[in-house]
Structures are given as C-alpha cells and as structure tokens.
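A quick write-up on the structure given underneath.
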Amino acid sequence: MPDPAHSTLGATIDRILTPTITLDRVTKEFGPAVRALDDVSLQVYPGEVVALLGLSGSGKSTLLRMLDGLNLPTSGTVTVLGRDVETARGARLRALRRQVGFVFQQFHLIGSMSVLENVCTGALGTLRGPRAGLFMYPRSVRRAAMEQLDRVGLADRPFQRADTLSGGQQQRVAVARALVQRPRILLADEPVASLDPESAAQVMALISRVAAEDNLTVVCSLHQVELALSWGHRVVGLRSGRVVLDKPVSTIGRDETMSIYASVASADAAPQLV
Ligand code: ADP
Ligand code: MG
C-alpha cells in the first residue's frame, strides 16, 4: 500500500515543480518575411510573476497570445497546464482557456454595460449561449463577480456604467473579469501602458496581490523597467523575438535590465526579416 501521506506530499511537490507554462524552441513566423519569435525556450512555474520586457515589435504580444492558443507556433511546442496548446481543439481548448485570464492594455470593457455585468462576461466560457443583461447570468456568477469586484476595491459601484470609470478603475474591472472564472494563469499585455503612474502602480500592486493570494502564474508584458523590477519575480527580456535576458529580479540590476533595450541599436536588432 502506498503511504497516503507520502503520495499527497509527492503530488504537492509535483505540482510545485511542474512548470505551468513551457515553451520549447518556439518560433513564430507571420508569412515568409516576419519572424516574431525566434527559438524561444522558457519555463514558468506556479506562483511566478514574470515581467516580459522588450521594445515594441520584440514579440511580447505574440508570446502571450501563444499561451492562450490565439497564435500557434510555426515550430516548437507550447505546453500550458500540461497540454500542448497546438493540439487542443474545441472543448479542450475552451477548458484550457477557462484556466487562463487575459488582461489587455485597452481594457476591452463594454462601455455601455455596468461594471458588474462586465465582470460577469468573464464567466461566459463556462456558460452556454450568449447573455444579454445582468440577470441573465446565474446568481452564482453574479455572486462570484461581486466577490472579485470586492477584491479589486470596486464593490461600491457595481451598477455604474463601465465607460464612466477612470482608466485605472477600468483596468481593475478587467482584472476582476479575468479572475471570475478562477484561472490558474493570468496573462497581461501591457496592462498599465495607458495609465498614469499612480494608477499603474495600483494595478500592478493588485496583480501582484491576487497572484500571491491565488498562487497564480503571471506573465505580464511591461514598458517600464521600474515596474518590472518592483513587481516581477523574474524578468524575461525579448529582443527581435529572442530571449536575451532571463533572471530573477533579486539578481539583476537596472543596468542589466536596460541592456535588453541598449543593444537594440546593433545591426542584428532591427525587426528581423527571415
Ligand atoms: P510587441 O508586443 O513586443 O510589440 P508583437 O508580438 O506585437 O510585439 O510583434 C512582433 C512582430 O510580429 C512585429 O514585427 C509585428 O509586426 C509582427 N506581427 C505580430 N502579429 C502579426 C500578425 N498578426 N501578422 C503579421 N505580423 C505580425
Ligand atoms: Mg504588444
């Protein structure tokens, strides 16, 4: 008989040591002329907050979209939560996507809808058919949405129209929407690029807090090195689709992080033509 205590411990250790996200020699080409990712290998572990840095055009969005099956690799494999994203189709892909929340630079809220209804739309992946109107959502979804609104500090305005909120508040609603289906991974594509510095810091603090509370794996692209060093556990730097830096924040300094951008001036760093 296996010792149940031992097998539980074994399962726990497996869970901690198994990467949530693995990219193995991933290349992504858009047509014959653009190689957006070039031989990228990366592993991200449960609970890690990875800050993805790189100039515009370096491949950050392409990489993030691969983790949700929105982009498929030209070669190499992307494994998310133990599944090869490329072979996941239909119900399996939907199941995978339910475990992955996505936050975007432009929030992508529906401005004419209430805050609460916007958060409820985050649960659409678990429901059948479209919903129009807050009360078309099951009570359990509305309750879960209120819980997430509370977490992001907006429980006092569930019925306000989303387009009347400030940018920082809108992004906090978008985070609540991403969390409502209790994902294991949170992807954020320049979530604070449209915000003033104070709101940006608030949103990064929020992402960092919920990541710790929910043991989320986070990959977050950022423009600002300071934010990456303040809120990330690890920095991954992309230049022309290649990983040029991959280190824990505790072991790197600002200058080293800036090197992601500095050598862009060199000849090999121009947007790469295949
Ligand atoms: P970043 O997010 O770092 O700014 P992207 O991942 O958006 O970079 O883009 C990387 C490269 O891939 C760029 O050269 C961009 O023009 C190209 N690219 C991205 N998406 C597409 C697409 N759907 N079709 C063609 N080229 C694309
Ligand atoms: Mg981008």
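Counting starts at 1 for both ligands and their atoms, in listed order. This chain uses plain numbering: 1 for the first residue, then up along the sequence.
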Counting only nitrogen or oxygen atoms and a 3.5 angstrom limit, does G57 reach ligand 1?
yes

Do the side chain of Q148 and the main chain of R177 share a donor and acceptor less than 3.5 angstrom apart?
no

Taking NZ, NE, NH1 and NH2 as the nitrogens, is one of them in E147 or R143 under 4.0 Å from a carboxylate oxygen of the other?
no

Run the numbers for me: atoms of ligand 1, each under 4.0 Å from some heavy atom of S61, listed by number.
1 (P), 2 (O), 6 (O), 7 (O)

Run the side chain to side chain donor-acceptor pair (under 3.5 Å) check on T20 and T217 step by step: do they pass?
CA-CA 7 Å; T20 344; T217 305; 2.9 Å; yes

If you measure from each non-hydrogen atom of L55 to ligand 1, which part falls under 4.0 Å: side chain, backbone, both or neither?
backbone

Inside 2.8 Å of the Mg ion (ligand 2) but strictly below it, how many protein N/O/S atoms are present?
1

Could you tell me if Q169 and R172 have a donor-acceptor pair between their side chains, going purely by distance under 3.5 Å?
no

R182 bridged to D214 by N-O distance under 4.0 Å
yes

Taking distance alone, with no angle check, do G59 and ligand 1 share an N/O pair under 3.5 Å?
yes

Just checking, is any N or O donor in the side chain of N118 or T121 under 3.5 Å from an acceptor N or O on the other one?
no

Check the surroundings of atom CD in E198: do more than 12 heavy atoms from other residues, nucleotides or ligands lie under 6.0 Å from it?
no

Proximal ligand 1 atoms for V34, defined as those under 4.0 Å from one of its heavy atoms:
12 (O), 14 (O), 17 (C)

Could you tell me, atom by atom, which parts of ligand 1 come under 4.0 Å of a heavy atom of A36?
10 (C), 11 (C), 12 (O)

Give me each pair satisfying ring pair (Phe, Tyr, Trp, His ring centres under 6.0 Å) with a member in residues 46-102, each pair once, sequence neighbours excluded.
F102-F104

Check: T79/D84 side-chain N/O donor and acceptor closer than 3.5 Å
no

